Amino acid sequence: MKWKRTHTCGELKSKNVDETAVLMGWVDRRRDHGGLIFIDLRDRYGVTQIRVDPSSSAYEESKKLRAEYVVAYKGIVERRPNDMINSGLPTGEIELSAKEIEVLNVSKTPPFQITGTQNPSEDLRLKYRYLDLRNPAIQRKMLMRNQIYKVVRDYFCEQRFAEIETPYLMKSTPEGARDYLVPSRVWQGRFYALPQSPQTYKQLLMISGFDRYFQIVRCFRDEDLRADRQPEFTQIDVEMSFIDEEDLFAVVEGLMKVLFKQILDINIETPFERISYNDAMKKYGTDRPDLRYGLIIHDISKVVDNSDFKVFKNTVQSGGVVAGLCLSGGAKYSRKQIDDLIAYAKDRGAGGLVPIKIKEKDWESNLSKFFSQEARQQIMAEFQAANGDLLLIVADEKDRTLAVLGELRTYLGRHENLIDSRDYRIAWVVDFPLFEYSADEQRYMARHHPFTSPKPEHVKWLFSHPEQVNARAYDLVLNGIEIAGGSIRISTSELQSQVFRALGIDKREAEDKFGFLLEALSYGAPPHGGIAFGFDRLVMLFTRSASIRDVIAFPKTARAVSLMDSAPTPVRPKQLEELGIIVKSKIEPLDDQVEMESS
RNA sequence: GGGGUCGUAGUGCAGUUGGUUAGCACACCGGCCUGUCAAGCCGGAGGUCGCGGGUUCAAGUCCCGUCGGCCCCGCCA
């Protein structure tokens with residue numbers, strides 16, 4: 001490089017007129033008029049127009065420039081003629097009149113245009129991710145992510161939290177997601193696991209007395225992916241000692257307040273509202289309700305259990321639930337629209353969906369005859385239904401009814417434009433059950449994780465009525481998205497052993513898998529609890545991204561492949577041999593490794 | 001593991017009931033052009049229609065399989 005860069009491409013304004021400046025960046029566009037040449041020079045900070053006159057010594061070289069060449073221009077900042085000002089560009093009042101040029105590097109014609117109106121397919125963008133990341137829209141997201149790191153670290157630092165790193169190579173544990181395994185060379189046949197979260201470590205740090213810990217940390221889960229799930233993702237991991245739920249809520253609410261203020265300049269109200277798990281399920285059919293709109297589920301089992309409509313009556317009498325939604329103005333729905341809703345509900349496992357239009361203060365439905373005038377009015381009253389509304393009723397086993405209505409609610413919320421996209425509604429969901437019965441495994445499983453403390457007053461039911469035991473667990477839900485979850489932990493080895501036993505983990509297995517934690521709990525563990533945020537999801541929200549891949553610099557595809565470097569790849573036989581690993585499935589040998597024998 | 005959807009020049013798309021030489025725009029190459037900012041004008045080159053098989057006189061188009069991207073269910077303490 002002949003010169004030092006003096007300014008960035010987003011920096012020069014009319015106040016810099018007449019200054020000499022050196023800009024360095026990528027050729028975004030070249031407009032060659034035969035005489036005059038205009039170059040849009042792009043860097044992380046913006047775009048500045050370079051004007052190259054035929055008389056300039058930079059002229060001949062500038063003629064040869066192509067998209068994505070890397071160049072340095074030395075020139076004079078000039079105010080543009082009044083009618084040439086580009087109000088769409090922050091630097092649009094000026095241009096750099098080029099005096100000299102140095103071409104720092106050339107570029108092949110890129111596989112897609114970095115900026116412009118075309119939307120190249122995502123697989124191509126991922127293959128050339130380093131080019132895609134030149135796009136200012138993507139850079140904005142990565143840079144906002146960077147800002148969020150800083151706000152989080154500053155906040156916890158001010159609150160006397162210590163950031164402490166925990167191992168990435170750890171012991172594989174049962175329960176939870178599938179582990180990513182790392183084979184040991186020194187101990188052939190043994191494996192480390194990459195952490196699904198630093199859960200046990202942060203509890204051990206509490207036992208060590210660190211009191212207030214946080215970490216922005218990578219976590220790994222080998223499960224199938226979604227638009228908001230990557231095999232490796234980032235958590236804000238938090239743990240505190242000598243606290244109860246209220247202390248933790250206050251810390252988290254403070255963090256959210258600061259984040260919204262500093263990142264989006266939005267003032268949010270604290271404390272956040274709280275909703276019990278049971279209420280959330282009853283009213284919204286999900287444990288992460290979107291509170292930006294109503295459309296609440298109403299249970300009408302009690303009204304319909306002695307109606308003449310057998311489907312409803314039988315459902316209630318066999319212990320099921322009849323419930324529904326009232327879609328305001330939905331009576332205008334066409335036959336086809338309603339059929340689509342019915343199909344949607346059936347798709348999600350409902351036996352059916354009963355639509356009832358409300359007109360002239362009564363039902364317009366061929367089911368009317370099965371219900372007394374009184375019952376019809378009672379049901380309308382329950383829904384507070386008005387003329388022009390549409391009732392959508394599901395009758396099924398309780399969990400299924402609520403789940404289907406919950407999904408239907410989300411669907412209608414989106415399609416009926418019930419959501420103000422500028423609105424942010426945050427709530428704590430509390431009073432979760434501690435266990436969840438797994439029909440698959442024929443046993444109770446920890447709903448959160450096995451270190452979650454039961455409510456003290458429920459401990460007596462651990463073995464007699466495990467389904468009644470509530471946990472000291474909480475989720476933070478923002479606009480229908482779970483952004484954080486945590487709990488007050490078990491802090492005595494006695495209670496921890498009991499919970500393991502309730503989970504069907506016998507003493508030897510508990511000793512084998514979690515012995516280190518049980519022992520640690522017996523050396524004076526303080527009461528403690530914490531929470532973990534899905535950091536990528538936060539960034540998605542703040543950047544309004546539809547996919548988690550948009551906020552991760554080098555993400556993987558839905559099938560966990562990195563299209564840029566094509567990981568995962570086979571490895572050389574020598575590497576496998578060192579690790580004592582024989583690969584069973586047939587895979588393409590790597591390069592010249594013909595000697596590899598696959599069975 | 002299951003369901004849906006997409007796959008056609010470098011890129012984004014069109015391609016009719018199966019029928020002549022597979023089109024358009026941007027990018028690319030050459031030429032012209034001194035105020036553009038998605039610069040403009042003229043010309044040119046560029047295709048294994050994801051891959052494999054089948055039906056047919058004839059397949060980008062119909063059928064089967066397969067690979068890949070995306071979305072969803074299962075899964076994700």
Side-chain angles (χ1 to χ4, degrees), chain A residues 28-42 47-56 59 63 66-68 78 80-89 91-92 95 97 108-128 131 173-179 196-197 199-200 219-231 233 344 347-349 403 407 411 432 434-436 438-441 444-452 471 473 482 485-487 499 503 505 514 532 534 546-547 549 555-561 563 566:
Chain A
D28 192 54
R29 278 203 163 71
R30 174 184 55 103
R31 291 178 294 280
D32 184 344
H33 288 242
L36 266 184
I37 302 170
F38 295 104
I39 304 288
D40 287 344
L41 198 65
R42 166 178 24 89
V47 170
T48 299
Q49 174 166 285
I50 314 289
R51 193 192 74 239
V52 189
D53 291 305
S55 59
S56 165
Y59 187 73
K63 260 204 138 28
R66 294 294 180 270
E68 303 308 317
E78 291 182 4
R80 298 195 195 182
N82 276 341
D83 48 342
M84 302 304 161
I85 286 173
N86 183 347
S87 56
L89 202 63
T91 60
E95 62 196 0
S97 173
K108 292 204 287 187
T109 302
F112 53 87
Q113 286 158 264
I114 307 299
T115 60
T117 50
Q118 292 177 160
N119 286 318
S121 67
E122 193 172 1
D123 48 333
L124 193 72
R125 289 171 46 207
L126 288 178
K127 180 171 177 192
Y128 297 96
L131 297 181
T173 52
E175 307 273 317
R178 211 171 281 120
D179 283 326
Q196 298 173 28
S197 85
Q199 182 59 40
T200 48
C219 303
F220 307 84
R221 291 178 193 176
D222 186 5
E223 295 293 346
D224 289 338
L225 307 179
R226 290 288 186 281
D228 61 353
R229 273 170 17 199
Q230 280 277 298
F233 60 97
Y344 184 86
D347 243 27
R348 266 131 251 268
E407 294 200 56
Y411 175 86
F432 282 91
L434 183 67
F435 301 118
E436 184 168 56
S438 163
D440 244 23
E441 304 220 0
Y444 282 96
M445 314 259 287
R447 197 190 158 83
H448 184 52
H449 57 54
F451 319 114
T452 300
E482 183 199 320
S487 62
V499 169
L503 285 167
I505 302 174
F514 299 110
S547 160
R549 295 181 298 278
K556 296 183 176 56
T557 69
R559 299 201 25 200
V561 168
L563 293 180
S566 55

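Lettering follows sequence order; numbering is per chain, from 1. Every value quoted in this text rests on a predicted model; they were computed, and no experiment measured them.
Listed by chain and number, the residues in a salt bridge (charged side-chain N to carboxylate O under 4.0 Å, His left out) with Arg178(A) are Glu223(A) (sequence neighbours excluded). Residues meeting the ring pair (Phe, Tyr, Trp, His ring centres under 6.0 Å) test with Tyr411(A), sequence neighbours left out: Tyr344(A), His415(A). When the ring pair (Phe, Tyr, Trp, His ring centres under 6.0 Å) test is applied to Tyr128(A), no partner is found at least two apart in sequence or on another chain. Residues satisfying the salt bridge (charged side-chain N to carboxylate O under 4.0 Å, His left out) test with Lys556(A), not counting sequence neighbours, are Glu232(A). For Arg29(A), the salt bridge (charged side-chain N to carboxylate O under 4.0 Å, His left out) criterion is met by no residue, not counting sequence neighbours.
Note: CG (Asp123(A)) to P (rG7(B)) measures 12 Å, nearest angstrom. Separating the CZ atom of Arg559(A) from the C1' atom of rG74(B) is a distance of 16 Å, rounded to the nearest angstrom.
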Heavy-atom protein contacts under 4.0 Å, nucleotides 37-47 of chain B, coded B base, S sugar-phosphate only, - none:
BBB--------

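With hydrogens and angles ignored, no donor-acceptor pair closer than 3.5 Å exists between the side chain of Arg549(A) and the base of rC70(B). Looking at Glu95(A), its side chain comes within 3.5 Å of the base of rG35(B) through a donor and an acceptor atom.
Position along RNA chain B of the nearest nucleotide to Arg226(A) versus Ser197(A) favours Arg226(A) as the more 5'-ward residue.
For Asp53(A) and Ser55(A), the side-chain atoms include no donor-acceptor pair closer than 3.5 Å.
The phosphate of rG69(B) (OP1 or OP2) has a side-chain N or O of Thr557(A) nearer than 4.0 angstrom.
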